[in-house]
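First the proteins, then the strands, lettered A, B, ... as listed; each starts at 1.
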Number of protein chains: 2
Amino acid sequence: MSEEKRITYQTIRRLPGYYTLLKRLEQQGQQSVSAKAIAALTSQTEIQVRKDLASVSQGGKPRTGFEVRELIAAIGSVLGYNNINDAVLVGVGHLGRALLCYEGFDEYGLNIVAGFDHDPDLSGIRVGGKPVLPLEKLDSFCRRTSTHIGIITVPAAHAQNVCDRMVQNGILAIWNFAPVHLEVPSDILVEHENIATSLSLLSQNLARKMRGETP
Amino acid sequence: MSEEKRITYQTIRRLPGYYTLLKRLEQQGQQSVSAKAIAALTSQTEIQVRKDLASVSQGGKPRTGFEVRELIAAIGSVLGYNNINDAVLVGVGHLGRALLCYEGFDEYGLNIVAGFDHDPDLSGIRVGGKPVLPLEKLDSFCRRTSTHIGIITVPAAHAQNVCDRMVQNGILAIWNFAPVHLEVPSDILVEHENIATSLSLLSQNLARKMRGETP
DNA sequence: TAGATTGTTAATCGATTAACAATC
DNA sequence: TAGATTGTTAATCGATTAACAATC
């Protein structure tokens with residue numbers, strides 16, 4: 001029934017932004033919204049928004065626009081927010097703690113089930129309601145539970161090692177916060193969250209601005 | 001003397017990755033490196049790397065490749081890592097703390113000078129060696145010191161308010177971690193760090209993989 | 001010299017923008 | 001009906017890939 005539309009990489013990058021906005025509009029009781037309005041609220045062009053929505057939605061209605069709830073469901077379905085995925089996190093430092101405590105992940109279909117750290121002082125405690133286990137238990141834990149996502153928040157020097165162990169024990173997708181490139185088999189997904197990248201874009205643009213150049 | 005080469009947005013996004021790698025190679029005592037080697041260590045194509053490096057470097061030498069130190073200096077200069085920028089951070093929750101404690105920012109030219117929070121229990125304490133001040137002092141602090149970068153780690157509901165105050169007090173570039181779109185004057189830079197975006201890319205790809213589709 | 005590697009120019013690919021027809 | 005809005009097809013733009021000449 002529903003056509004298999006090809007959704008481009010760039011569109012997928014923008015969808016979470018629309019999703020966040022639509023959720024807010026829904027809460028405010030708004031029932032429908034036009035591409036023009038979404039564009040204004042996300043600083044994009046109207047045409048861009050229309051094209052993006054066309055690739056996920058069942059369609060809007062001339063004059064009234066798109067149904068907010070339908071859009072939320074459609075984007076959520078494309079982005080996989082509906083089927084919750086379990087994840088393990090390795091490296092319970094500051095960043096690891098922040099992620100363990102973050103409450104918004106369920107909304108995006110992510111459920112961190114446990115944290116791991118090689119510091120024995122940490123094992124046994126709970127952070128954000130999640131148990132922290134010794135690193136030795138990572139392997140058996142991954143195998144026993146059907147966990148497919150691994151989050152790496154260890155220092156750069158240990159990241160590849162942790163990554164290898166995850167892959168050996170059935171992890172299929174890795175969210176890497178360590179500032180290092182990971183080598184993985186070609187069928188394993190890696191999403192590198194590089195805090196330095198966006199910072200670089202910012203400071204590079206700022207420097208250019210200070211010099212009085214045009215963007 | 002040095003030609004003003006136009007560096008594309010996509011190239012700038014990849015430069016931090018090369019930079020991290022080159023720093024490691026430098027530490028290991030390596031003096032020169034070929035585009036081919038960099039490509040292998042960052043999972044990119046050789047041509048891509050060559051093109052990227054061509055837009056920042058003084059040039060490499062056939063047979064030997066590029067000088068590691070020269071590349072580091074060139075990329076650092078383009079990305080603005082050399083001139084340190086002061087920044088203020090608002091919202092000393094888990095994520096705010098993690099950023100205040102992160103030691104690697106100097107390397108990227110960022111220096112967080114203080115954190116701000118509206119919780120009176122936090123004011124006066126130090127996090128990561130940085131003072132935490134009451135939110136009321138944000139305005140005067142920004143004016144007094146010549147701070148141009150603002151980091152927002154408050155809940156979504158307060159982000160626009162904090163943003164407005166920053167802009168009013170001379171902040172030129174904003175690094176936003178709150179999951180909300182910020183409205184700013186056109187001359188203010190905003191870099192939106194959306195943790196949900198990369199997570200979405202990951203889970204979307206994972207879901208597709210589970211269904212046995214090709215990427 | 002021969003060969004590896006750079007750097008540049010041309011070809012392809014993908015994404016954005018523009019134009020316009022369809023529709024409530 | 002008139003007008004706002006969607007959706008699609010074509011044109012433009014930018015980035016990647018390929019091909020090949022230049023050089024140490």
Side-chain angles (χ1 to χ4, degrees), chain A residues 2-18 22 25 30-71 74-75 78 197 201 204-205 214-215, chain B residues 2-18 22 25 30-71 74-75 78 197 201 204-205 214-215:
Chain A
S2 79
E3 282 291 312
E4 288 282 318
K5 293 172 198 161
R6 194 74 194 144
I7 304 174
T8 70
Y9 178 80
Q10 296 298 332
T11 295
I12 291 173
R13 291 192 69 88
R14 285 185 295 267
L15 289 179
Y18 302 143
L22 289 162
L25 296 180
Q30 201 165 322
Q31 307 233 322
S32 63
V33 65
S34 70
K36 193 176 185 177
I38 294 177
L41 292 166
T42 55
S43 299
Q44 311 230 23
T45 69
E46 185 184 342
I47 305 173
Q48 180 83 269
V49 173
R50 240 173 25 229
K51 207 129 208 215
D52 286 341
L53 296 187
S55 67
V56 296
S57 163
Q58 297 294 326
K61 282 183 196 165
R63 285 274 310 162
T64 50
F66 296 81
E67 261 198 56
V68 173
R69 305 197 97 175
E70 192 267 323
L71 275 187
I75 296 176
V78 168
T197 299
L201 287 166
Q204 200 254 356
N205 279 317
T214 46
Chain B
S2 79
E3 283 290 313
E4 288 282 319
K5 292 171 201 162
R6 195 74 193 146
I7 305 173
T8 70
Y9 178 81
Q10 296 299 332
T11 295
I12 291 174
R13 290 193 69 88
R14 285 186 294 267
L15 289 178
Y18 302 143
L22 289 162
L25 295 179
Q30 200 166 323
Q31 308 232 322
S32 61
V33 65
S34 70
K36 192 174 183 177
I38 294 177
L41 291 166
T42 56
S43 299
Q44 311 228 23
T45 70
E46 185 185 343
I47 306 172
Q48 180 82 271
V49 173
R50 244 181 13 236
K51 221 154 200 190
D52 287 341
L53 295 186
S55 66
V56 297
S57 161
Q58 299 292 325
K61 283 182 195 164
R63 285 275 308 161
T64 49
F66 296 81
E67 259 198 57
V68 173
R69 305 196 96 176
E70 193 267 323
L71 275 188
I75 296 176
V78 167
T197 299
L201 286 167
Q204 201 255 356
N205 279 317
T214 45

Side-chain donor/acceptor pairs under 3.5 Å, residues 64-71 of chain A, sequence neighbours excluded:
residue : atom : partner : partner atom : Å
A/T64   : OG1  : A/K61   : O            : 3.4
A/R69   : NE   : A/E26   : OE2          : 3.4
A/E70   : OE1  : A/S57   : OG           : 3.1
A/E70   : OE2  : A/Q58   : N            : 3.2

Checklist entry - For DNA chain C, what string of dots and brackets results from 5' to 3' when Watson-Crick and G-U pairs need both distances under 3.5 Å, crossing pairs get [ ], and pairs with another strand get |? => result ..||||||||||||||||||||||

Checklist entry - Do you know the tightest heavy-atom contact between B/V49 and B/A35? => result CG1-O, 3.8 Å

Item to check | Between CD on residue B/Q10 and CZ on residue B/R13, distance to nearest 0.5 Å | outcome: 6.5 Å

Item to check | Spacing of CD1 belonging to A/I38 relative to CD belonging to A/Q48, to within rounding of 0.5 Å | outcome: 12.5 Å

Checklist outcome for this item: So, with a heavy-atom separation below 4.0 Å from DNA chain C, the residues of residues 8-15 of chain B are none

Item to check | Contacting residues from residues 31-38 of chain A, given that a heavy atom lies under 4.0 angstrom of DNA chain D | outcome: A/S34, A/A35

Checklist entry - Whole Å only: how far is the CG atom of A/L53 from the P atom of D/dT8? => result 13 Å

Item to check | Option among A/I12, A/T11, A/V78, A/L15 that satisfies the side chain to side chain contact (heavy atoms under 4.5 Å, CB included) test with A/S55 | outcome: A/T11

Item to check | salt bridge (charged side-chain N to carboxylate O under 4.0 Å, His left out) partners for A/R14, two or more places apart | outcome: A/D52

Next on the checklist: Tell me which one of B/L22, B/L53, B/L41 satisfies side chain to side chain contact (heavy atoms under 4.5 Å, CB included) with B/V33.
Outcome noted: B/L22

Checklist entry - Given atom CD1 of A/I7 and atom P of C/dA15, what is their separation to the nearest angstrom? => result 12 Å

Item to check | Rounded distance in Å - CD (B/E67) to P (C/dT5) | outcome: 17 Å

Heteroatom pairs (N/O) under 3.5 angstrom, protein to nucleotides 17-20 of chain C:
residue : atom : partner : partner atom : Å
C/dT17  : O4   : A/K51   : NZ           : 3.3

Item to check | B/R63 CZ - C/dG7 C1' separation (whole Å) | outcome: 18 Å

Checklist entry - Rounded to whole angstrom units, what separation is found between the CG atom of A/L71 and the P atom of D/dT6? => result 10 Å

Checklist entry - Rounding to a whole Å, what distance do you find between A/D52:CG and D/dG7:P? => result 13 Å

Next on the checklist: Are there over 12 heavy-atom neighbours, none belonging to A/Q30, within less than 6.0 Å of that residue's CD?
Outcome noted: yes

